[in-house]
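Note that the structure is predicted; figures quoted are calculated from it, not measured.
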Amino acid sequence: RAKEEGRNTYRFYTEEMTALALEHLELQSRLRHAIEAGQLVLHYQPQMELAGGRMVGLEALVRWEHPEQGLIEPSRFVPVAEDTGLILSLGEWVLRQACCQARAWLDAGLEFGRVSVNVAGKQVQRGDLLAVVQRALADSGLPPDRLELEITESFVMKEAERAIDLLRAIRALGVKLAIDDFGTGYSSLAYLKLLPFDKLKIDKGFVRDLPWDENDAAIARAVIALGHSLQFTVIAEGVENEAQRECLLRDGCDQAQGYLYGPPMAWDRVEALLRREEASVWRVVGL
Ligand code: C2E
Ligand code: MG
Ligand code: MG
């Protein structure tokens, strides 16, 4: 009886795995087609100086404009792209697109600070990231100090040692480097200061329950102090309300990003807001 059940469970399990693998394959080929068919778009989310309220940057976040399903979030296809290597062409497209858009805004006299682009671990591991970045900068004409790359803490801690020369070379171009999702990846503190990064992004998981959750408040305070003692700029992601903003400001956090200031938006909406100039307008965009 137990044996039978075991066998059934096994069969069920393999069927499920096959279905998953097929889904994965199908998604992979649809995504490849989407890149070629120009169905990917970038949305941009403002990054704000906490004390002054000035905009200091825009993070580019990819979306898939599916002809039938509408806008698909990156959590539904970026992991598949990472597993299959498609992330290399997707990542290069994102980088070029963000640089070209930023250059167009500069040409139109619109000030946004820096454009920030997420880079997957695979793109760093492949080793040609320096050339890809140089090409995107040269072809777009974007000054290097207008570009920032975000790399997740989990990748940085696992693999950065091998990539340290590459990261240094990219930074030597004038491009800024940020550690994304900080606090989730078991950083070695001694190691952190050896790495060529400019900015720490406190993961939104630690921001969500501020200021009420005492553990999260203590973690946020500690990360801000740590970041500053290592000369990093510190930004909090996922800032949704005034209470969170006040708490972070009190603890000396430099910058914030989140629905309080504005969600990720299509380029034309961002452009309309940039044209209004007054930084105060960003306060009311979000909700
Ligand atoms: P991330 O880089 O940490 O981006 C922040 C995510 O938080 C974004 O989700 C953003 O929409 C969301 N967010 C912004 N403000 C708030 C807020 O106030 N509250 C909450 N709860 N969430 C907020 P999104 O756009 O779905 O992107 C998810 C992740 O997908 C990103 O996390 C990033 O890791 C990845 N991703 C997005 N675009 C790219 C890309 O072009 N390349 C790569 N490699 N990864 C990307
Ligand atoms: Mg990011
Ligand atoms: Mg993040």
Side-chain angles (χ1 to χ4, degrees), residues 43-63 73-75 78 111-118 148-154 156 176-187 189 192 197-266 269-270 273-274 276 278-287:
H43 281 193
Y44 299 88
Q45 184 176 37
Q47 301 183 329
M48 309 294 290
E49 189 179 59
L50 258 171
R54 207 165 48 96
M55 198 203 299
V56 288
L58 287 167
E59 181 175 1
L61 293 155
V62 70
R63 271 96 183 94
E73 306 252 306
S75 59
V78 166
E111 187 49 65
F112 55 88
R114 285 196 180 90
V115 69
S116 207
V117 174
N118 292 286
E148 179 172 88
L149 303 181
E150 297 188 5
I151 304 172
T152 61
E153 186 194 21
S154 49
V156 168
K176 300 285 179 204
L177 298 178
I179 304 184
D180 207 350
D181 302 341
F182 191 80
T184 61
Y186 312 103
S187 273
L189 302 185
L192 202 56
F197 285 87
D198 304 281
K199 193 166 172 179
L200 288 187
K201 297 193 79 175
I202 304 179
D203 188 72
K204 55 180 177 293
F206 301 110
V207 173
R208 195 185 56 212
D209 297 327
L210 292 182
W212 325 114
D213 186 302
E214 283 173 23
N215 290 329
D216 287 346
I219 290 169
R221 211 175 302 129
V223 170
I224 293 163
L226 168 76
H228 285 166
S229 70
L230 298 175
Q231 257 86 58
F232 291 118
T233 300
V234 181
I235 181 168
E237 52 174 38
V239 178
E240 298 182 356
N241 59 55
E242 201 54 43
Q244 293 165 337
R245 189 188 76 88
E246 270 168 30
C247 176
L248 290 159
L249 182 62
R250 212 169 34 239
D251 290 337
C253 190
D254 305 294
Q255 301 172 359
Q257 174 180 353
Y259 300 153
L260 177 66
Y261 301 101
M265 291 168 276
R269 186 142 176 243
V270 176
L273 287 160
L274 290 176
R276 284 202 241 167
E278 322 95 283
S280 62
V281 83
W282 291 97
R283 283 282 149 69
V284 295
V285 177
L287 303 173

A.B. asks: Strictly distance-based, threshold 3.5 Å: is any side-chain N or O of E246 a donor or acceptor partner for the main-chain N or O of A243?
C.D. replies: no

A.B. asks: Quick check against the 3.5 Å criterion: does E240 have a side-chain atom that pairs as donor or acceptor with the backbone of Y259?
C.D. replies: no

A.B. asks: Could you tell me if the side chain of D198 sits less than 4.5 Å from the side chain of E148, heavy atoms only?
C.D. replies: no

A.B. asks: For residues G238 and V207, report the shortest heavy-atom separation together with the two atoms involved.
C.D. replies: O-CG1, 3.6 Å

A.B. asks: To the nearest 0.5 angstrom, please state how far the NE2 atom of H43 sits from the CG atom of L61.
C.D. replies: 9.5 Å

A.B. asks: As an exercise, state the distance from CG of D213 to CD1 of I219, rounded to the nearest 0.5 Å.
C.D. replies: 8.0 Å

A.B. asks: Identify the two heavy atoms, one from G227 and one from L200, that lie closest to each other, and give their separation to 0.1 Å.
C.D. replies: CA-CD1, 3.8 Å

A.B. asks: I need the single residue from K201, E237, K199 that forms a side chain to side chain donor-acceptor pair (under 3.5 Å) with Q255. Which is it?
C.D. replies: K199

A.B. asks: Of the non-hydrogen atoms in N118 and A60, which two are nearest, and what is the gap between them?
C.D. replies: ND2-O, 3.4 Å

A.B. asks: Give the intermediate values and the outcome of side-chain contact (heavy atoms from CB on, under 4.5 Å) for residues F112 and V270.
C.D. replies: CA-CA 10 Å; F112 55 88; V270 176; over 6 Å; no

A.B. asks: Ignoring hydrogens and geometry, is there a side-chain-to-backbone donor-acceptor pair from D181 to T184 under 3.5 Å?
C.D. replies: no

A.B. asks: Are T233 and V56 side-chain neighbours, meaning at least one heavy-atom pair lies under 4.5 Å?
C.D. replies: no

A.B. asks: Rounded to the nearest 0.5 Å, how far apart are CZ of F232 and CG of L192?
C.D. replies: 4.5 Å

A.B. asks: Please name the pair of heavy atoms, one in D254 and one in H228, separated by the smallest distance, quoted to 0.1 Å.
C.D. replies: OD2-NE2, 2.8 Å

A.B. asks: So which heavy atom on F206 is nearest to which on F182, and how close?
C.D. replies: CE1-O, 3.7 Å

A.B. asks: Roughly how far, to the nearest 0.5 Å, is CZ of R250 from CG of L50?
C.D. replies: 12.0 Å

A.B. asks: Ignoring hydrogens and angles, state whether a donor on the side chain of E59 or S116 is under 3.5 Å from an acceptor on the partner side chain.
C.D. replies: no

A.B. asks: Just so I know, are the side chains of Q257 and I235 near enough to count as touching, which here means a heavy-atom distance under 4.5 Å?
C.D. replies: yes

A.B. asks: Answer yes or no: does atom CD of E214 have more than 12 heavy-atom neighbours from other residues, nucleotides or ligands under 6.0 Å?
C.D. replies: no

A.B. asks: Kindly indicate, with the supporting measurements, whether the criterion side-chain contact (heavy atoms from CB on, under 4.5 Å) is fulfilled by L230 and F197.
C.D. replies: CA-CA 10 Å; L230 298 175; F197 285 87; over 6 Å; no

A.B. asks: If I compare all heavy atoms of N241 with all of L260, which pair ends up nearest, and what's the gap?
C.D. replies: O-CD2, 3.8 Å

A.B. asks: Hey, could you give me the CG/CD distance between D216 and Q244, rounded to the nearest 0.5 Å?
C.D. replies: 10.5 Å

A.B. asks: So do the side chains of I202 and I224 get within less than 4.5 Å of each other, counting heavy atoms only?
C.D. replies: yes

A.B. asks: Check Q45, M55, Q47, R245 against Y261 for a side chain to side chain contact (heavy atoms under 4.5 Å, CB included) and give me the one that passes.
C.D. replies: R245

A.B. asks: D203 side chain to G205 main-chain N or O, any donor-acceptor pair under 3.5 Å?
C.D. replies: yes

